[in-house]
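Accompanying notes for the structure given below.
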Amino acid sequence: EDQVTQSPEALRLQEGESSSLNCSYTVSGLRGLFWYRQDPGKGPEFLFTLYSAGEEKEKERLKATLTKKESFLHITAPKPEDSATYLCAVSPRDSNYQLIWGAGTKLIIKP
Amino acid sequence: KAGVTQTPRYLIKTRGQQVTLSCSPISGHRSVSWYQQTPGQGLQFLFEYFSETQRNKGNFPGRFSGRQFSNSRSEMNVSTLELGDSALYLCASSLDRGYNEQFFGPGTRLTVL
């Protein structure tokens, strides 16, 4: 069964304290993996798409990486405005384009 | 370029009523997906529409239905509302079925009393 698991469920960091969020997946074949950011009461905001193992994408303090089993979202020197829930989704190759979503990691950055 | 818009933003209904939510995708986007989001269940896929046809359906009862118009705008309907239908309903659009990057609207917050 195709599955996406995100860890940890919640992460509290001090401003400037770098860390990583994990998204592990089990699918028959990967078409793509997606990272989103969601602020409370709002729709998810698209961040990155990764297609193959070894691929990396960067945006400001965020860097996403992909292996054959998992993806990491690295946050470097985070600021309070980076506080949000980060969602991971995968598109399995045989899924008729339907995405499978993780439960998310709630990130809190304290000033 | 305007983003995905959803109306209304907030709704309060009572049990047994029905509700219709509307979604206008990003201009040029032809695929529209709907999701239900609750604190306990996360993002749950409802259905996807492309070229006015439902292409995928999640595991929801028949009380949940939708449609897409020729201009790609979409509506979803929930009949005979239950307390458990209280949630944030999100619409997402993508350029085409082969492009999985989905762009979300702000959502409709539905409260069922």
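Computed from a prediction, not measured in an experiment: that's the story for all the values here. A, B, ... follow the sequence lines: proteins, then strands. Residue 1 opens every chain.
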Can the ring centroids of B/F64 and B/W34 be said to lie less than 6.0 angstrom from one another? no
Does any backbone or side-chain atom of A/E45 lie under 4.5 Å from a heavy atom of chain B? Answer side chain, backbone, both or neither. neither
Turns out that what part of A/I100 lies under 4.5 Å from chain B's heavy atoms comes down to neither
Do B/R73 and B/S22 pair up side chain to side chain, a donor and an acceptor below 3.5 Å, judged on atom types alone? yes
Would you mind checking which part of B/Q37 comes under 4.5 Å of any heavy atom in chain A, side chain (CB onward), backbone (N, CA, C, O), both or neither? side chain
Taking everything shown except B/R63 itself, do over 12 heavy atoms lie less than 6.0 Å from its CZ? yes
Do the side chain of A/E17 and the main chain of A/L13 share a donor and acceptor less than 3.5 angstrom apart? no
Taking B/N56, B/L90, B/L88 one by one, which has the highest count of heavy-atom pairs under 4.5 Å against chain A? B/N56
